[in-house]
Amino acid sequence: MLVQRPRGTSDILPATIGAWRQIEDVVRRTFAEYHYAEIRTPMFEHTELFARGVGETTDIVEKEMYTFEDRGGRSLTLRPEGTAGVIRAYVENKLYGQPGIAKLFYLGPMFRYEKPQKGRERQFHQYGCEVLGSDSPALDAEVVALHVYQLQEVGVQGATAVLNSVGCPVCRPRHREQMLARLLPVKDQLCSDCQNRLERNPLRIFDCKNERCQRLLVEAGAPTILESLCADCEAHFAAVRRYLEALGVPYRTDAHLVRGLDYYTRTAWEIKVEGFGTLGGGGRYNALVRELGGPETPGVGFGTGMERILLVLAEQGGTSPAVRRDLDVYVAVADEQADVYAMQVLKTLREAGVRADRDYQGRSVKAQFKAADREGARLAVVVGSSEQAEQQVTVKDLVSGEQSTIPLSELVAAVQKLEEASV
RNA sequence: GUGAGUAUGGCGAAGUGGUUAACGCACCGGAUUGUGGUUCCGGCAUUCGUGGGUUCGAUUCCCACUACUCACCCCA
């Protein structure tokens, strides 16, 4: 092996492409049902976009970006997530000038420089959406509902939304103050990560896996963000939950949920499957558009990992996509003299919309029939010098075993008739 | 970034410091004439991730590298 694929990348081979297509089809269909329009933005952007958009203190920006300098000396970065680019495009193309709100979705590869492991690659795929232009809690609910619905439609069982509110520029600083007041006195007892978090983003301490840190939070009486919400945020969160209940969306709240991106305000959620982990996450980001230079515009969105979906589907079993028959006719060439004739027969079939193939290795008729079987062809067409002389073909139904010789001019009709009968 | 494990033909998988590296699947060929899915017979790794070292000799021992897997961190 001279050169192999870069670490953390994978080749999606024909054998599994069906599963991908199936997910993509469901995603496009459901986004259409909810009236979202597709948007495609560049795979790389100026590094600054992610630094500002995603947040300077996030793991993504601090240590996971694929950043490089192009020949013009610009610092570019392979997109680590979808939101920043979409918002940039929204602002740059002045989509806010169009009537109504913008409901956008995307689908494609993302890149993060991390150590690969199960369900984590350096190039992975996400689909997601962004809704710009409304702060209505109905929209938060719609987006969460859609998030769960899509996974159900794809075949994932037990997808649940875990919901929290991370507050707004009014309650967030207030909460931060309270956290500092309670935890600064016991700072030295926190783990080193959390000592850092205390300064930069105290909310994240709730997310720490360290038991001692969690105990300290309780002992110090540190309030969760949910307990510190301002009246507006609380009302918003309550409304979102009412909608979700009315819609029957499976969800639960978790005051400790913190997302890895800094731009979230108010509603934040992850979609989890018991015993598996997180498939996707999302939230509201009311300040992001303005931070990226656009007009004050509220937004909500989510992203979902497609590799993760594939993993859950595999674990939950049974969803192996049916082996699709992708060949209708196999043309067996009986002797070399008929080779050109065989090509003509194939062209005739293919141009009539029949999926047809032949042997190119000069194998025996017996071997060609074996191949026809293996490829899943419905019928075999045998052509040899005798057929060619009469402009005929020998057609064999590989299911019934029936065989007959007919004029070439009748072949397409005969094939189509059989196709219809087998539907 | 930290820690652990693995690396033998297309796939799965034995194995040993020393003449021909099991086996299964897949694949290819054959079992009389231009015909399939079963069965039978035969074929299919100058080579054991890469590069060094120890040795009379290494796929088996040692070192480095690379890749993969898993866990942690974090997340999709």
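Keep in mind that what you see is a predicted model, and the values were worked out from it rather than measured. Side chains are part of it too, since the values below use all heavy atoms of this structure and drop only hydrogens, waters and symmetry mates. Just so it is clear: chains get the letters A, B, ... in the order the sequence lines come, proteins before strands, and each one is counted from 1.
Using N1 to N3 plus N6-O4 or O6-N4 for Watson-Crick, or N1-O2 and O6-N3 for G-U wobble, each under 3.5 Å, B:G42 pairs with B:C28. Base-pair partner of B:C73: not found among the strands shown (Watson-Crick or G-U wobble, both distances under 3.5 Å). Remark: B:G18 base-pairs with B:C56; criterion is Watson-Crick or G-U wobble with both hydrogen-bond distances under 3.5 Å.
Comparing the C1' positions of B:C73 and B:G3 gives a spacing of 12 Å, expressed to the nearest Å.
Side-chain contact, A:Glu245 with A:Tyr251: a donor N or O sits under 3.5 Å from an acceptor N or O. Side chains of A:Ser10 and A:Glu121: a donor on one and an acceptor on the other come within 3.5 Å.
Residue-level contact check: A:Glu270 touches neither bases nor backbone, having no heavy atom under 4.0 Å from any strand. Among the protein residues, A:Ile60 comes within range of no part of the nucleic acid, since none of its heavy atoms lies under 4.0 Å from any strand. Counting any heavy atom pair closer than 4.0 Å across all strands shown, A:Thr304 reaches no nucleic acid atom. In this structure, A:Glu114 reaches the bases: a heavy-atom distance under 4.0 Å links it to at least one base atom across the strands shown. Contact annotation for A:Arg374: backbone-only contact, meaning every heavy-atom pair under 4.0 Å involves sugar-phosphate atoms and none involves a base.
The base of B:C74 does not come close enough to the side chain of A:Arg204 for any donor and acceptor atom to sit less than 3.5 Å apart.
Taking atom CG of residue A:Asp359 and atom P of nucleotide B:C28, one finds them 10 Å apart after rounding to whole Å.
Aromatic ring orientation, A:Phe302 versus A:Phe31: parallel (interplanar angle below 30°, classes split at 30° and 60°).
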What protein N or O atoms touch nucleotides 65-70 of chain B N or O atoms at under 3.5 angstrom, if any, and at what distances?
residue, atom, partner, partner atom, Å
B:C68, OP2, A:Arg7, NE, 2.7
B:C70, OP2, A:Lys118, N, 2.9

Reading nucleotides 29-39 of chain B from the 5' end, what letters show protein touch, with B for base, S for backbone sugar-phosphate only, - for no heavy atom under 4.0 Å? S----BBBB--
